[in-house]
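Reading through the structure tokens given below for one structure.
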Amino acid sequence: MDDERRKRLEDTTRYDPSEVEGRILERWLDGGYFHPDAEGSPDENFSIAIPPPNVTGALHMGHALNGTVQDVLTRLNRMRGRNSLWALGLDHAGIATQAVVERELGEEGISRRDIGREAFVERVWQWREQYGSAIIEQFKRLGASCDYDRERFTLDEGYVRAVVRVFVALYDKGYIYRDNYIVNWDPGSRSAISDLEVENREVEDRLYYIDYPLEGSERVLTVATVRPETMLADTAVAVNPDDERYGDLVGEHCILPLVGRRLPVIADEHVDPEFGTGALKITPGHDPNDFEIGRANGLDEIVVIGEDGLMNAQAGERVAGLSVEEAREAVVAALREEGRLRDEETYLHSVPYSHRSGHRVEPLISLQWFCRMDELAKPAIEVVERGQVSFVPERFARVYLEWMHGLRPWVLSRQLWWGHRLPVWYCDACEETYVAESPPERCGACGGELRQEEDVLDTWFSSALWPFAVLGWPDNTPELRAFYPTDVLVTARDIIFLWVARMVMMGLEFAGDIPFDDVYITPVIQAADGRRMSKSLGTGIDPLDEIDNHGADGVRFGLLAMSSTQDVRYSAERIQQGQDLANKLWNASRLVLLNAAPDNSRQEQAPVGAPGGTSLVQGPPSSERVEDRWIVSRLQRAIEGATASIDSYDFAHAALDLYDYFWSELCDWYLEIVKPRLYDGDADASATLLWVLEQTLALIHPAMPFVTEEIYSYLRGELGDDAPEMLVVHSYPEMDPELIDEQAEREVQAWIDLTRQVRRWRDLVGVAAASVLPARVSGGDATPPHELVGRLARLSFDGAEGEALATFGSVEILPSEDVDAEQVRHRIAERRDALLSEVARAEGKLSNARFVDKAPADVVEAERAKLARYQAELEELHP
RNA sequence: GGGCGCGUAGCUCAGUGGGAGAGCGCUCGCUUCACACGCGAGAGGUCGCUGGUUCGAAACCAGCCGCGCCCACCA
């Protein structure tokens with residue numbers, strides 16, 4: 001370390017993330033550490049495909065958590081010597097992106113239709129060029145070690161080929177087809193949307209009871225509906241086949257009020273006799289349920305609401321051109337006028353809304369492209385049932401499987417401009433349809449001109465190909481060969497159906513293998529008050545602000561520490577804890593780096609041949625001192641625990657256990673114990689400290705990469721020339737059972753217990769903190785560990801005499817003017833009471849014959865040992 | 001209607017069959033030569049309720065109460 005660096009280390013008593021993070025990131029990027037060669041096999045290598053953020057996106061807490069988790073896994077595996085790729089890219093996000101650019105146009109007072117499709121799409125591309133990399137820069141600030149040199153976009157030229165290839169193949173298999181079918185129509189985006197893009201909201205509506213007169217009779221059939229305007233498209237009335245009230249009417253006809261159409265009365269199981277009047281008006285054109293009934297009974301399908309959300313000509317002169325709401329009022333008014341409205345009441349029920357636009361979904365029959373899912377689902381179900389793809393937490397596997405078993409066809413086409421245009425061409429002259437990767441010049445049947453389908457694909461169609469398309473499929477690229485299948489998918493539970501399930505299906509169908517082995521579902525981070533984090537509610541917290549205020553390491557640690565198998569509330573305290581930890585790491589390292597005297601003679605045994613050439617340069621220290629063996633042993637425990645936790649995706653325990661090891665064991669005890677030796681230039685202490693620090697930094701690096709890398713830049717000079725250039729490619733510590741030293745652990749734990757007992761006693765009897773109390777070792781000299789306990793608990797063993805005030809093990813505290821005798825008596829009385837009650841508890845348990853007989857022997861034995869300990873302490877207690 | 005998850009210290013959460021834990025907050029004491037983003041000590045809990053299983057339950061089982069989420073075509 002040169003003088004300037006040393007000076008800086010000495011002067012910087014507070015770790016400043018904002019000064020460090022930018023230049024560390026730059027060194028990582030310049031070093032190419034995130035850009036693996038496409039070599040080796042998927043089994044040897046490690047890979048993750050990032051859930052591609054929307055180009056319109058800004059980093060939110062979900063990304064921050066999700067990104068941190070993926071980065072921990074990627075960095076850990078990279079350090080383990082596996083060739084590791086975190087594949088990066090952005091999603092074109094059809095509706096979202098189109099909406100952003102449309103809004104921008106709107107501010108200029110123009111609509112997308114004013115400028116036309118080509119110009120509009122051009123405009124979106126411009127927008128993407130200008131703003132589309134914002135979120136990528138934000139991921140960098142988090143420290144995400146993605147491969148920024150292999151960025152993909154779901155509308156890249158290669159990606160388009162992948163989408164077209166898949167569409168055509170599914171069409172050729174007969175899975176993709178075009179049909180007139182009832183769909184969820186979103187009047188907001190003016191497009192069909194899939195079932196998954198619909199959310200149900202509780203809404204208070206009015207339920208109207210309408211009399212439908214029976215043909216040739218005075219009787220009426222009363223139906224109940226919340227959508228009276230759709231009666232204009234009614235084509236039947238249905239009753240339950242077992243409903244005795246109406247059994248005689250099945251086969252008869254009603255006359256539709258206002259319209260006069262004859263409606264057959266049919267019987268259908270779907271009708272609930274308990275609801276309303278037990279008679280259901282059937283509107284196949286505007287209700288999914290009625291649509292099914294209609295198809296089953298061969299009913300006419302009439303559509304009265306257009307894709308513009310207005311009543312169409314079919315609805316009749318009276319209401320044509322009106323909005324749905326206006327039409328409802330008009331229809332109700334007309335019914336009332338004709339005396340057909342029997343009753344109305346308020347009614348609370350769930351109503352479909354578009355997840356995207358927020359508009360109330362209008363079910364209607366429309367000509368769209370669909371994909372059958374049943375065949376694709378079968379193998380995707382099997383791989384999860386077999387555990388070939390496993391979910392963490394496990395319960396999500398059931399969620400996945402339940403959904404997969406009831407899959408309905410997927411509406412693929414969207415009436416948007418931004419997206420993958422369907423590879424479908426029509427000949428207007430002869431109505432021929434061509435579905436192909438590239439269309440023929442002219443219609444093969446009649447020679448007419450071909451016109452490409454205007455619709456684009458659901459964004460999730462291209463997303464479904466992500467794990468292999470991001471690696472270059474359909475080309476047989478080196479990346480595909482080296483990194484597919486990926487190891488793990490890290491995502492949120494709300495897109496298990498939309499995305500995860502479809503990736504499994506498409507991966508199996510087109511890439512010939514599962515897309516990932518594990519699916520780790522992250523918790524949803526709620527606002528601190530338990531509400532959803534959202535911009536509109538004002539409950540969102542910007543991760544970038546948090547990084548500004550607490551550093552990326554603090555944010556990462558906090559997110560890991562607060563994560564769980566269930567949803568969590570955002571914890572500012574955990575972030576602060578992470579920031580404090582970074583500072584503590586920095587300062588503890590300063591202590592070591594500024595005082596350790598490296599013993600270069602110990603650097604010869606550099607293990608070679610570790611994968612990736614990133615071996616530890618120093619072997620473990622060989623000190624015989626108990627405390628040195630203790631910290632080395634405790635480090636092994638920390639390695640074992642953290643590794644096991646991360647490998648089972650338990651990030652909170654990994655983070656908190658590392659915190660505990662570092663702060664409570666390494667700093668609070670080992671550093672305090674070893675300080676005098678360190679200042680004296682003790683070679684064993686220095687060697688142990690440097691080695692433990694190196695290991696600890698490596699251990700914590702995946703979670704807190706910046707601060708550990710910064711410290712490593714100072715440490716590296718102490719390690720010798722073989723040390724890896726940067727910590728990011730340092731080998732990850734492995735637990736060495738040889739270094740576990742139970743005897744040292746017991747011994748030092750006893751010192752710690754003793755020290756704490758003395759400190760507690762001092763505090764309770766009110767001794768001033770600075771006072772050094774006279775003490776004596778019963779039956780011996782003040783040798784270690786008493787010397788040590790004396791230093792840590794401020795005792796002096798300088799041969800004073802007198803009757804002991806208190807005894808802790810072999811340490812006797814002697815009277816002095818600093819101790820208030822009255823307080824001591826009081827304290828002793830309290831302790832006696834506590835011990836007596838513990839003794840009573842233990843004796844009670846042990847005198848219970850059933851306990852002694854039935855409990856395992858070791859449990860009984862442990863209880864006896866406790867009792868003995870309490871009784872011994874009682875005897876030692878001074879009167 | 002079905003399913004899932006959760007009720008543990010003032011707050012946010014760990015703990016899943018043998019003496020109730022962490023972080024923050026709180027109290028007391030410390031400018032102890034790495035760190036006041038610090039050091040030492042402490043207070044604080046009928047583990048939602050009721051029953052059951054067990055020698056022993058915060059944990060396992062059943063029921064109930066409360067909260068949250070997902071799925072579902074009762075108009």
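The figures here come from the full heavy-atom set of this structure, side chains too, leaving out hydrogens, waters and symmetry mates. A, B, ... follow the sequence lines: proteins, then strands. Residue 1 opens every chain.
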How would you label the contact of [X] with the nucleic acid (heavy atoms, under 4.0 Å): base, sugar-phosphate, or nothing?
X      : result
A/L280 : base
A/F497 : sugar-phosphate
A/Q579 : base
A/V271 : base
A/E292 : nothing
A/Y347 : sugar-phosphate
A/D494 : nothing
A/K281 : nothing
A/V859 : base
A/W663 : sugar-phosphate
A/R794 : base
A/R756 : sugar-phosphate
A/R574 : base

Could you give the distance separating [M] and [N] at their [atom1] atoms, to the nearest angstrom?
N     : M     : atom1 : answer
B/G45 : B/A36 : C1'   : 30 Å
B/U8  : B/C47 : P     : 11 Å
B/A20 : B/C33 : P     : 39 Å
B/G10 : B/C49 : P     : 14 Å
B/G44 : B/G23 : C1'   : 15 Å
B/C61 : B/A14 : C1'   : 24 Å
B/C11 : B/G48 : P     : 14 Å
B/A9  : B/G15 : P     : 15 Å

Under 3.5 Å on both distances, the Watson-Crick or G-U partner of [N]:
N     : answer
B/C37 : none
B/C4  : B/G68
B/G51 : B/C61
B/C26 : B/G42
B/A75 : none
B/A14 : none

Is any side-chain N or O of A/K854 closer than 4.0 Å to OP1 or OP2 of B/G17?
no
Check whether any side-chain N or O of A/K845 sits under 4.0 Å from OP1 or OP2 of B/G56, and answer yes or no.
no
Measure the distance from [atom1] on [X] to [atom2] on [N] and round it to the nearest whole Å.
X      : N     : atom1 : atom2 : value
A/D567 : B/C69 : CG    : C1'   : 7 Å
A/R408 : B/C71 : CZ    : C1'   : 13 Å
A/D763 : B/C30 : CG    : P     : 10 Å
A/Y400 : B/C4  : OH    : P     : 20 Å
A/Y570 : B/U12 : OH    : P     : 16 Å
A/R590 : B/C37 : CZ    : P     : 14 Å
A/H405 : B/G2  : NE2   : P     : 21 Å
A/D753 : B/G40 : CG    : P     : 15 Å

Does a salt bridge link [X] with [Y], judged by any charged N lying under 4.0 Å from a carboxylate O?
X      : Y      : value
A/E199 : A/R201 : yes
A/E301 : A/R295 : yes
A/R493 : A/D567 : yes

Proximity to the side chain of [X] - top-ranked nucleotide from [options]:
X      : options             : value
A/A769 : B/C74, B/G5, B/G29  : B/G29
A/R569 : B/U12, B/C33, B/G18 : B/U12
A/D580 : B/C69, B/C55, B/C37 : B/C37
A/K584 : B/C39, B/C73, B/A75 : B/C39
A/N583 : B/A34, B/C37, B/C4  : B/C37
A/H349 : B/A75, B/C4, B/A14  : B/A75
A/Q566 : B/C37, B/G40, B/A14 : B/A14
A/S564 : B/A14, B/G18, B/A34 : B/A14
A/A855 : B/A34, B/C55, B/G5  : B/C55

Contacts of A/Q577 and A/W403 projected onto RNA chain B by closest heavy atom; the upstream (5') one is A/Q577
Between A/D287 and A/S571, whichever has its closest RNA chain B nucleotide further toward 5' is A/S571
Does A/E394, at its CD atom, have more than 12 non-hydrogen atoms belonging to other residues, nucleotides or ligands within less than 6.0 Å?
no
In terms of heavy-atom contacts, does CZ of A/R791 have more than 12 from other residues, nucleotides or ligands at under 6.0 Å?
yes
Can a donor-acceptor pair be found, under 3.5 Å and without considering hydrogens, that links the side chain of [X] to the backbone of [Y]?
X      : Y      : answer
A/W586 : A/T12  : yes
A/R328 : A/V324 : no
A/N240 : A/D272 : no

Just say parallel, tilted or perpendicular for the rings of A/F497 and A/W403, cut-offs at 30° and 60°.
parallel
If I take atom CZ from residue A/R360 and atom CD from residue A/E362, how far apart are they, to the nearest 0.5 angstrom?
8.0 Å
Regarding B/C35, can its base be found pairing with the side chain of A/N587 as donor and acceptor, where the two atoms are less than 3.5 Å apart?
no
Ignoring hydrogens and geometry beyond distance, is the side chain of A/E573 in donor-acceptor contact with the base of B/A22 at under 3.5 Å?
no
